[in-house]
There are 2 protein chains.
Amino acid sequence: MTDLEQYLHSYFTFDQDDLVKVSALFRKKTLNKGDYFLKAGRQCNQLCFIQSGLLRIYADVDGKEVTQWISSQGYFVADLSSLLFQTPSRWYMQALTNLEIFVIERADYNRIGEIIPKWPETEKLFLAHCFTMMEDRIFSFISMTAEERYHFLFERNRALFNQVPLQYIASMLGMTPETISRIRRKQLQ
Amino acid sequence: MTDLEQYLHSYFTFDQDDLVKVSALFRKKTLNKGDYFLKAGRQCNQLCFIQSGLLRIYADVDGKEVTQWISSQGYFVADLSSLLFQTPSRWYMQALTNLEIFVIERADYNRIGEIIPKWPETEKLFLAHCFTMMEDRIFSFISMTAEERYHFLFERNRALFNQVPLQYIASMLGMTPETISRIRRKQLQ
DNA sequence: CCATTTTCTTGATTTTTGTCAAGTAGCTTG
DNA sequence: CAAGCTACTTGACAAAAATCAAGAAAATGG
């Protein structure tokens with residue numbers, strides 16, 4: 001079983017046959033550090049699965065980069081709205097490290113339902129999980145201080161904190177690098 | 001055409017036949033100001049469509065109510081995660097005004113696909129729209145000041161500001177009522 | 001391995017926002 | 001209409017976070 005199949009299996013509990021057929025729609029690809037998977041303004045025509053490495057999702061606001069999220073191993077990534085409605089993407093998606101991904105084209109993605117009859121149901125449940133995570137994230141902004149948000153993310157995503165420049169994490173949390181640095185110092189004492 | 005049918009039509013572009021069949025799965029209901037559509041800890045077994053009135057969605061954090069959102073006419077509302085996974089709801093949903101809603105039970109909701117073959121596709125696109133709105137909201141927290149967030153919401157949701165106690169709007173925006181009051185004063189000058 | 005660049009930390013200061021307390025305005029209801 | 005709520009505003013102050021500037025530490029690339 002490839003890693004992609006393993007992940008598909010753990011997320012979606014397909015049976016072996018379907019697994020192979022679906023994963024055959026993906027093709028493996030590598031990106032070098034600094035390469036873009038997607039640029040704002042372009043159309044998102046693919047969805048990718050991250051096999052290894054880190055992908056930073058950010059927007060450009062008056063020349064300042066605002067990091068929306070950093071996706072790592074096991075994530076599915078696309079600008080969903082751009083993928084489905086063929087509108088321009090709002091996000092840049094750039095490799096923070098060398099990156100191994102599996103890529104599926106829009107047309108093939110839309111064909112998964114033909115292979116797996118219960119795909120629409122499965123997909124809905126997957127989207128619902130993402131929904132919950134986004135709700136939690138919104139809730140963290142309206143109900144927590146900067147310090148609490150830091151811990152909230154840290155507890156859920158420890159791995160990130162060793163691998164990623166803190167300035168990006170600060171941006172994800174809606175605070176400055178200086179603030180995150182001071183929160184960290186507190187922890188050590 | 002009832003209002004529900006009108007809205008279903010505008011959101012989903014069903015044809016007339018399907019429209020009638022789907023809307024027949026909903027039953028009309030009224031809630032009085034202060035009544036709960038859902039309480040945290042309970043299971044969400046229904047989805048509702050708001051015909052008129054305002055429904056406040058909030059959580060209780062150590063005795064303090066944090067308003068997550070206020071839904072108004074034309075909104076579909078449920079704790080999606082609780083509805084689909086039958087987990088306990090995280091939100092209270094309380095009528096801010098007398099409320100006319102159309103309610104559909106989980107079982108009937110899950111049956112829509114039998115009536116409208118392309119429902120799963122339609123539902124996915126609807127969820128994707130919600131996704132985009134949540135992404136925008138998250139982005140407002142990581143990239144805007146309190147004042148900018150205020151305007152961002154105000155431009156998109158003017159109607160709310162006349163109908164809803166400002167303290168709830170403040171909470172949705174992640175700020176105190178005093179801060180919102182000061183932002184407002186600035187506008188007048 | 002050294003030079004350069006990038007990232008992180010720290011301190012001083014300013015700005016923003018929260019907290020507390022008091023007062024006002026506007027509803028609601030008996 | 002008056003009493004009692006509730007919501008809103010305001011001011012004084014405190015706390016949190018941003019900004020600016022400088023320097024330290026770490027990573028990167030020849």
Side-chain angles (χ1 to χ4, degrees), chain A residues 31-35 53-54 56 58 61-67 70 94-99 139-154 158-189, chain B residues 32-35 53-54 56 58 61-67 70 94-98 139-154 158-189:
Chain A
L31 293 180
N32 292 319
K33 181 172 173 172
D35 288 352
L54 296 166
R56 181 170 73 106
Y58 71 90
V61 181
D62 314 320
K64 263 179 43 181
E65 296 180 356
V66 179
T67 298
I70 293 168
Q94 186 183 30
L96 269 188
T97 62
N98 290 344
L99 202 62
F139 199 70
S140 79
F141 286 112
I142 61 181
S143 70
M144 298 180 190
T145 64
E147 192 167 343
E148 288 167 333
R149 280 202 309 281
Y150 173 89
H151 292 300
F152 183 76
L153 183 65
F154 185 73
R158 251 167 222 275
L160 264 196
F161 287 71
N162 308 316
Q163 300 172 35
V164 167
L166 283 188
Q167 51 176 320
Y168 298 142
I169 293 179
S171 184
M172 281 168 64
L173 288 167
M175 60 186 81
T176 61
E178 290 94 335
T179 296
I180 226 179
S181 181
R182 288 179 181 114
I183 290 172
R184 259 173 125 205
R185 178 168 42 162
K186 259 195 190 171
Q187 297 327 111
L188 301 175
Q189 286 160 358
Chain B
N32 292 318
K33 181 174 171 170
D35 288 352
L54 297 166
R56 179 171 74 105
Y58 71 89
V61 181
D62 314 319
K64 265 178 44 184
E65 295 178 359
V66 178
T67 298
I70 293 166
Q94 185 183 31
L96 268 188
T97 61
N98 290 344
F139 199 70
S140 79
F141 285 112
I142 62 181
S143 70
M144 298 179 189
T145 63
E147 192 167 342
E148 288 167 334
R149 281 202 309 280
Y150 173 90
H151 292 300
F152 183 76
L153 183 65
F154 186 72
R158 249 164 223 277
L160 262 196
F161 287 71
N162 307 317
Q163 299 170 37
V164 168
L166 283 188
Q167 49 175 323
Y168 297 142
I169 293 180
S171 184
M172 281 168 64
L173 288 167
M175 61 187 79
T176 59
E178 289 94 335
T179 296
I180 230 179
S181 182
R182 289 180 182 116
I183 290 173
R184 262 172 122 204
R185 180 169 37 163
K186 258 194 189 170
Q187 299 323 113
L188 302 175
Q189 285 160 0

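Lettering of chains follows the sequences in order, A, B, ..., and the numbering in each one begins at 1. The structure presented is a predicted model; accordingly, all values stated were derived computationally and were not measured.
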Enquirer: Of B/A146 and A/Q167, whose nearest nucleotide on DNA chain C comes first from the 5' end?
Expert: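 Looking at the nearest nucleotide for each, A/Q167 comes out on the 5' side.
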Enquirer: Establish, with yes or no, whether the OP1 or OP2 oxygen of D/dT9 is under 4.0 angstrom from a side-chain nitrogen or oxygen of B/R185.
Expert: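 Answer no for this pair, as no side-chain N or O of B/R185 is under 4.0 Å from OP1 or OP2.
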Enquirer: Of all the choices, D/dC8, C/dT10, C/dT19, which nucleotide is nearest to the side chain of A/E178 once you look at every atom?
Expert: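 Ranking D/dC8, C/dT10, C/dT19 by closest atom to the A/E178 side chain puts C/dT10 first.
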Enquirer: Under 3.5 Å, which N/O atoms of the protein pair with N/O atoms of nucleotides 23-30 of chain C?
Expert:
none

Enquirer: Sequence neighbours excluded, which residues qualify as ring pair (Phe, Tyr, Trp, His ring centres under 6.0 Å) partners of A/F139?
Expert: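 Listed in chain order: B/W91.
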Enquirer: So do A/Q163 and A/L54 actually touch side chain to side chain, heavy atoms under 4.5 Å?
Expert: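 Side-chain contact under 4.5 Å: yes.
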Enquirer: Where the side chain of B/L166 is defined as all heavy atoms beyond and including C-beta, which of C/dT19, D/dA18, D/dC8 is the nearest nucleotide?
Expert: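 Of C/dT19, D/dA18, D/dC8, D/dC8 is nearest to the side chain of B/L166.
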Enquirer: Starting at NZ of A/K186 and ending at P of D/dA15, how long is that distance when rounded to a whole Å?
Expert: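 About 12 Å, once rounded to whole Å.
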Enquirer: Nearest to the side chain of A/R182, which nucleotide is it out of D/dC8, C/dA12, C/dC8?
Expert: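 Nearest listed nucleotide: C/dA12.
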Enquirer: Roughly, in whole Å, what's the span from CG in B/L96 to P in D/dT6?
Expert: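 For the pair B/L96 CG and D/dT6 P, the rounded distance is 15 Å.
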Enquirer: Rounded to whole Å, please give me the gap between CD1 in B/I183 and C1' in C/dT16.
Expert: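 About 10 Å, once rounded to whole Å.
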Enquirer: Write down the distance between CZ (B/R149) and C1' (D/dA17), rounded to a whole number of angstrom.
Expert: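 Computing the B/R149:CZ to D/dA17:C1' distance gives 13 Å.
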Enquirer: Atom CE of A/M175 and atom P of D/dA18: how far apart are they, to the nearest Å?
Expert: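 After rounding, the gap between these two atoms is 7 Å.
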Enquirer: Measure from CD1 on A/I180 to C1' on C/dT10 and round the result to the nearest Å.
Expert: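 Atom-to-atom, A/I180 to C/dT10, this comes out as 16 Å.
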Enquirer: Would you indicate, yes or no, if C/dG18 has its OP1 or OP2 atom less than 4.0 angstrom from a side-chain nitrogen or oxygen of B/T179?
Expert: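 Yes, because at least one side-chain N or O of B/T179 sits under 4.0 Å from OP1 or OP2 of C/dG18.
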Enquirer: Determine: side-chain N/O of B/S181 to OP1/OP2 of D/dC8, distance under 4.0 Å, yes or no.
Expert: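 Answer no for this pair, as no side-chain N or O of B/S181 is under 4.0 Å from OP1 or OP2.
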Enquirer: Considering just the side-chain nitrogens and oxygens of B/R184, establish if one lies under 4.0 Å of OP1 or OP2 belonging to D/dC8.
Expert: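 Looking at the OP1 and OP2 atoms of D/dC8, neither is under 4.0 Å from any side-chain N or O of B/R184.
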Enquirer: With heavy atoms under 4.0 Å as the rule, sort A/P177 into base, sugar-phosphate or nothing.
Expert: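 If one applies the 4.0 Å heavy-atom cut-off, A/P177 turns out to touch nothing in the nucleic acid.
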